[in-house]
*Asks:* 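Okay, handing you the structure first.
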Amino acid sequence: MNNEYEKLDIRIKKWIYQQGWLDLREIQKLAMPSVMDGKSDVLISSSTASGKTEAFFLPAINNTIDQNDGFGILYISPLKALINDQYRRLEPLCHDVNMQVTAWHGDSLVSKKEQAKKTNTGILLITPESLESLLIRRSEWVKRAFSNLKYIAIDEYHSFIGNERGYQLLSLLNRLDHVTNRINNPAPRVALSATLGDIEMATFLLRPNKKIPCTIVRNTNNSSILKIQTKGYVDPVKSSMHDVRASAEDQICQDLYKICKGTSNLIFANSRQKTELFAAQLRDLCELNNSHNEFFPHHGSLSKIHREELEARLQKETLPTTATCTMTLELGIDIGKVASVFQVSAPTSVSSLRQRVGRSGRRDSPSILRVYISEKELVENSNIVDLLRLELIQSLAIIRLLVENKWFEPSDEKQLHLSTLLHQVLAIIGQYGSIRAEQLYFFLCKDGPFQNISSSQFRLLLQNMGKEELITQLDSGELTLGVKGEKFVEHYTFYAVFNTPEEYRVVAEGKPLGTLPLDSVLMPGQNIAFCGKRWVVTDVSPASKTIMVKRSKGGNPPKFGGSPMPVHSRIRQEMFNILSNGDYRVLMGGKKIDFAEKTASELFTEAVVFFNEHNMLENTIITQGKNSYVFPWMGDKVVNTLTALLIQGGYSAGSYYGVIEIQDTEPQEISQFFINCVTKKLPTEHDLAKAVPEKQIEKFDAFIGEDLLCDEYGKKKFDCIETEEWIKKNFMQ
DNA sequence: GACCTGCTGCGGGGTG
């Protein structure tokens with residue numbers, strides 16, 4: 001035990017002793033001085049199950065243990081489930097040191113909230129949305145209850161970085177500092193995270209105005225061992241009914257069954273549809289083998305009961321349990337120990353694969369990652385994406401970036417987040433009743449999180465909000481809520497800044513199974529797979545937005561919809577490197593490690609042969625049949641920009657897996673076209689966006705006006721500077 | 001090829 005331990009209150013020491021802990025964990029020792037000091041922000045970055053939570057809470061509780069003039073600690077989490085987990089973990093300690101801890105979110109009991117409102121002490125665990133509602137509806141209480149905060153902790157910090165919810169959170173923290181008169185004396189912010197790519201950016205985003213410094217705490221000896229296997233599968237292209245070869249999906253299911261049976265695992269399958277498909281097929285295999293089912297799906301469209309049941313089963317560790325899941329099991333919900341993490345089909349980002357890997361392995365056992373990739377059997381008219389085995393290559397590139405370079409995708413700092421800015425304008429007016437435009441601009445943009453917004457853009461936003469009757473101007477010049485704005489702010493759906501499309505509820509025997517998008521075309525009599533089981537649709541009621549089902553045999557999972565996840569330039573460049581060198585192996589300790597089994601490395605060789613045959617090291621554009629294919633080996637923003645330029649130039653172009661297909665053209669014509677684009681000067685991102693018919697993506701995009709929408713969409717989807725550099729480098733040197 | 005997250009106050013009906 002170290003010096004810092006000695007400084008802890010006797011009640012906390014006693015609790016630690018009772019836990020049977022012989023020593024504090026490394027991250028806890030490292031974090032304790034800065035948290036205890038309480039003068040700077042702290043960024044605690046350390047792997048899952050390394051004791052991060054206690055690294056913050058032990059010293060923070062120590063410093064607030066006898067505080068009775070308002071809450072001492074405000075803990076913010078992106079998930080209700082995580083708040084419940086943390087409550088369970090903190091409750092015994094808080095009980096022993098006689099401190100109140102309150103879980104505060106949409107599902108917590110009103111009575112518990114009322115109790116906390118009366119006593120105003122201890123620790124409050126809350127979601128950003130609940131904090132938003134408190135600031136709008138109970139700002140007087142907020143002022144009383146939080147004026148003496150000693151700490152604000154943000155858990156799973158990476159899940160907020162660079163997205164709508166993260167900007168809302170920053171604005172909320174700013175507003176909290178204002179309401180409690182803590183502008184010049186703010187409570188330190190402590191961020192907890194397992195994966196942080198760009199630490200510089202992460203500290204900036206924790207406090208954009210940099211009023212107080214930020215200390216970074218990372219554990220040094222990350223000795224966890226990672227074992228990786230990549231397996232390839234050939235999906236036969238069947239030419240006749242008599243072809244009985246198993247599909248790649250069936251082969252993968254057989255392997256998943258063999259390896260997972262009897263142990264606990266996570267299978268990430270990238271889409272809810274695939275997640276359901278594997279869950280249903282693996283359940284069928286259990287039935288076929290006369291054994292109890294151990295396979296269950298977990299994703300965002302399943303009802304809470306089903307998800308919680310599975311989480312509890314994993315947590316208990318008494319029955320072997322394998323979850324086929326989407327990113328719902330990426331974050332830190334307590335799920336016990338798992339033997340392996342499977343990634344079926346290519347991951348799209350290094351950071352999410354890192355999160356997933358972290359779900360297996362503990363200090364005493366290695367993390368095991370098994371990546372299963374299916375590639376189509378090659379036939380005469382195979383697609384170029386299949387010929388180059390791009391799904392496999394993307395997987396190999398992401399694995400290499402993960403293991404060798406310790407690199408993660410940085411957040412996209414160019415985005416404007418105008419939908420969230422509009423939301424915050426409404427929220428602040430809702431909170432104060434009325435406010436001057438200059439104050440709002442200072443509050444949100446100049447001194448707040450929306451620093452990419454110019455004053456003219458802000459003015460335009462307010463004008464549009466006026467036109468839409470969201471706000472009106474009083475005779476005094478102050479802004480107040482308009483007719484529509486009031487309706488928005490009063491409704492409970494206002495607090496979340498992210499978009500949620502309307503859905504059908506799926507109900508079996510009166511119990512909710514989950515939800516499906518409104519545009520899913522389901523008919524009575526149709527068989528579907530959902531929640532890991534097979535059903536037949538008995539009734540579809542558009543009026544009550546309900547789909548009734550009952551158990552049945554057969555049926556495939558429905559489509560859930562969604563938009564593609566963008567791939568970063570660094571990944572595409574790593575794919576190019578791998579193909580040019582004909583080597584995907586990972587360099588570790590001076591040795592090259594092979595992590596692909598036989599079929600995967602055969603598929604890789606096919607890709608390299610094609611790559612070399614077409615001299616793709618030199619050729620950026622190649623021809624297949626009547627079409628040309630552009631290989632930028634760049635992220636989706638550049639691919640989108642090039643594709644948009646081609647379409648505006650009258651070509652018939654589309655992209656897939658980062659490759660642009662242009663119909664009926666020759667490479668020379670395309671390269672000349674690109675050169676002309678640069679010589680004539682490229683259009684702006686805004687101009688490119690103008691031509692896109694459907695640009696509304698975020699919740700309040702419908703109200704920001706066409707002009708700003710083009711700014712917003714352009715910055716999100718296109719990058720003209722990087723594109724121009726790419727054209728110059730490839731065609732003009 | 002296609003991810004995820006969250007929210008109030010009140011009224012009606014059931015249970016102790």
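Within every chain, numbering begins at 1; the chains are lettered A, B, ... in the order of the sequence lines, protein sequences first and strands thereafter. Quick caveat: nothing in here was measured; it's all calculated off a predicted structure.
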*Asks:* With a non-hydrogen cut-off below 4.0 angstrom, is K559(A) in contact with a base, only sugar-phosphate, or nothing?
*Replies:*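 If one applies the 4.0 Å heavy-atom cut-off, K559(A) turns out to touch nothing in the nucleic acid.
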
*Asks:* When the distance from CD of Q355(A) to C1' of dT5(B) is rounded to whole Å, what number comes out?
*Replies:*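 Those two atoms, CD and C1', are 14 Å apart.
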
*Asks:* Quick one: does T546(A)'s side chain have a donor or acceptor within less than 3.5 Å of a partner on R505(A)'s backbone?
*Replies:*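 Here the side-chain-to-backbone pair does not exist.
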
*Asks:* Using a heavy-atom cut-off of under 4.0 Å over every strand shown, decide if P564(A) touches base, sugar-phosphate, or nothing.
*Replies:*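 Touches a base.
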
*Asks:* With sugar-phosphate meaning primed atoms plus P, OP1 and OP2, does S655(A) contact a base, only sugar-phosphate, or nothing at under 4.0 Å between heavy atoms?
*Replies:*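 Since a base atom lies under 4.0 Å of S655(A), the category is base.
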
*Asks:* Just checking F560(A): base, sugar-phosphate only, or nothing, at a heavy-atom cut-off of under 4.0 Å?
*Replies:*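 No contact at all - F560(A) keeps every heavy atom at 4.0 Å or more from the nucleic acid.
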
*Asks:* In whole Å, I'd like the distance from the NE2 atom of H491(A) to the P atom of dG6(B).
*Replies:*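 It is 18 Å, rounded to the nearest whole Å.
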
*Asks:* Would you say dC7(B) has OP1 or OP2 under 4.0 Å from some side-chain N or O of T127(A)?
*Replies:*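 Result: yes.
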
*Asks:* Take atom CD of E490(A) and atom P of dG9(B), then tell me their distance rounded to the nearest Å.
*Replies:*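 Checked: the CD to P distance equals 12 Å.
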
*Asks:* Does dC4(B) have its OP1 or OP2 closer than 4.0 Å to a side-chain nitrogen or oxygen of R272(A)?
*Replies:*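 For dC4(B), OP1 or OP2 has a side-chain N or O of R272(A) closer than 4.0 Å.
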
*Asks:* Please check: side-chain N/O of E712(A) versus main-chain N/O of K695(A), any donor-acceptor pairing under 3.5 Å?
*Replies:*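 Not a single qualifying donor-acceptor pair exists.
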
*Asks:* dC7(B) base stacked by Y492(A)? Criteria: ring centres under 5.5 Å, plane angle under 30°.
*Replies:*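 Check failed, Y492(A) does not stack on base of dC7(B).
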
*Asks:* From dG6(B), dC4(B), dT8(B), pick the nucleotide closest to the side chain of K80(A)?
*Replies:*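 From the listed options, dG6(B) comes nearest.
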
*Asks:* Expressed in angstrom and rounded to an integer, what is the separation of F494(A) atom CZ from dG9(B) atom C1'?
*Replies:*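 Interatomic distance, CZ of F494(A) to C1' of dG9(B): 17 Å.
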
*Asks:* Does a side-chain N or O from K699(A) land closer than 4.0 Å to OP1 or OP2 of dG6(B), or not?
*Replies:*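 Checking dG6(B) against K699(A), no side-chain N or O comes under 4.0 Å of OP1 or OP2.
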
*Asks:* I want to check one thing: is the phosphate of dG1(B), taken as OP1 and OP2, less than 4.0 Å away from some side-chain N or O of S271(A)?
*Replies:*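 So the side-chain polar atoms of S271(A) never come under 4.0 Å of the phosphate oxygens OP1 or OP2 of dG1(B).
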
*Asks:* Using atom types as modelled, flag every donor-acceptor pair under 3.5 Å from a side chain in residues 418-428 of chain A to any protein atom, sequence neighbours excluded.
*Replies:*
| from | atom 1 | to | atom 2 | distance (Å) |
| --- | --- | --- | --- | --- |
| S419(A) | OG | F700(A) | N | 2.9 |
| T420(A) | OG1 | E164(A) | OE1 | 2.3 |
| H423(A) | NE2 | F494(A) | O | 2.8 |
| Q424(A) | OE1 | S171(A) | OG | 2.8 |
| Q424(A) | OE1 | R175(A) | NH1 | 2.6 |
| Q424(A) | NE2 | E132(A) | OE1 | 2.9 |

*Asks:* Donor-acceptor check, side chain of E276(A) to backbone of G532(A), threshold 3.5 angstrom: yes or no?
*Replies:*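 Judged by distance alone, yes, a pair lies under 3.5 Å.
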
*Asks:* Could you tell me whether a side-chain N or O of R359(A) sits under 3.5 Å from a main-chain N or O of L331(A), the two making a donor and an acceptor?
*Replies:*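 Indeed, once roles are kept as given, a pair shorter than 3.5 Å links the two residues.
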
*Asks:* Is there ring stacking between F498(A) and dT5(B), where the centres must be under 5.5 angstrom apart and the planes under 30 degrees?
*Replies:*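 Yes; by the centre-distance and plane-angle rule, F498(A) counts as stacking on dT5(B).
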
*Asks:* Write down the distance between CZ (R356(A)) and P (dC3(B)), rounded to a whole number of angstrom.
*Replies:*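 Those two atoms, CZ and P, are 11 Å apart.
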
*Asks:* Report the distance from atom CG of N499(A) to atom P of dC3(B), rounded to the nearest whole Å.
*Replies:*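 Rounding to the nearest Å, CG of N499(A) and P of dC3(B) are 15 Å apart.
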
*Asks:* Between T500(A) and M327(A), who's closer to the 5' end of DNA chain B by nearest nucleotide?
*Replies:*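 Final value for this comparison: M327(A).
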
*Asks:* Please determine if K414(A) and D719(A) form a salt bridge, counting it only when a charged side-chain N lies under 4.0 Å from a carboxylate O.
*Replies:*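 Yes, charged N to carboxylate O under 4.0 Å.
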
*Asks:* Where the side chain of S340(A) meets the backbone of N265(A), is there a donor-acceptor pair that is under 3.5 Å apart?
*Replies:*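 Absent.
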
*Asks:* Is any side-chain N or O of T493(A) closer than 4.0 Å to OP1 or OP2 of dC7(B)?
*Replies:*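 For T493(A), the contact criterion (side-chain N or O under 4.0 Å from OP1 or OP2 of dC7(B)) is not met.
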
*Asks:* Do the non-hydrogen side-chain atoms of R356(A) and M327(A) ever get within less than 4.5 Å of each other?
*Replies:*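 Yes, their side chains come closer than 4.5 Å.
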
*Asks:* Checking all strands, does Y495(A) fall into the base, sugar-phosphate, or nothing category for heavy-atom contacts under 4.0 angstrom?
*Replies:*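 Here Y495(A) touches the backbone only, sparing every base.
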
*Asks:* Under 4.0 angstrom, heavy atoms only, what part of the nucleic acid is S130(A) near: base, sugar-phosphate, or nothing?
*Replies:*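 Sugar-phosphate, backbone atoms only, no base.
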
*Asks:* Compare side-chain N and O positions of R138(A) against OP1 and OP2 of dG9(B) and report whether any pair is under 4.0 Å apart.
*Replies:*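 Indeed, a polar side-chain atom of R138(A) lies that close.
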
*Asks:* E276(A) CD to dC3(B) C1': how many Å, rounded?
*Replies:*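 Rounded to whole Å, this separation is 15 Å.
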
*Asks:* For E249(A), give me all partners under side-chain contact (heavy atoms from CB on, under 4.5 Å), at least two apart in sequence or on another chain.
*Replies:*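 Listed in chain order: S247(A), K274(A), L277(A), F278(A).
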
*Asks:* If you restrict it to nitrogen or oxygen atoms, what contacts under 3.5 Å exist between nucleotides 11-15 of chain B and the protein, and what is each distance?
*Replies:*
none

*Asks:* Under 4.0 Å between a side-chain N or O of R307(A) and OP1 or OP2 of dC4(B)?
*Replies:*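 For dC4(B), neither OP1 nor OP2 has a side-chain N or O of R307(A) closer than 4.0 Å.
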
*Asks:* Tell me the interatomic distance from H298(A), atom NE2, to dC3(B), atom P, rounded to whole angstroms.
*Replies:*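 Interatomic distance, NE2 of H298(A) to P of dC3(B): 16 Å.
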
*Asks:* Could you check whether H105(A) gets within reach of a base, just the sugar-phosphate, or nothing at all, counting any heavy atom under 4.0 Å?
*Replies:*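 Sugar-phosphate only.
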
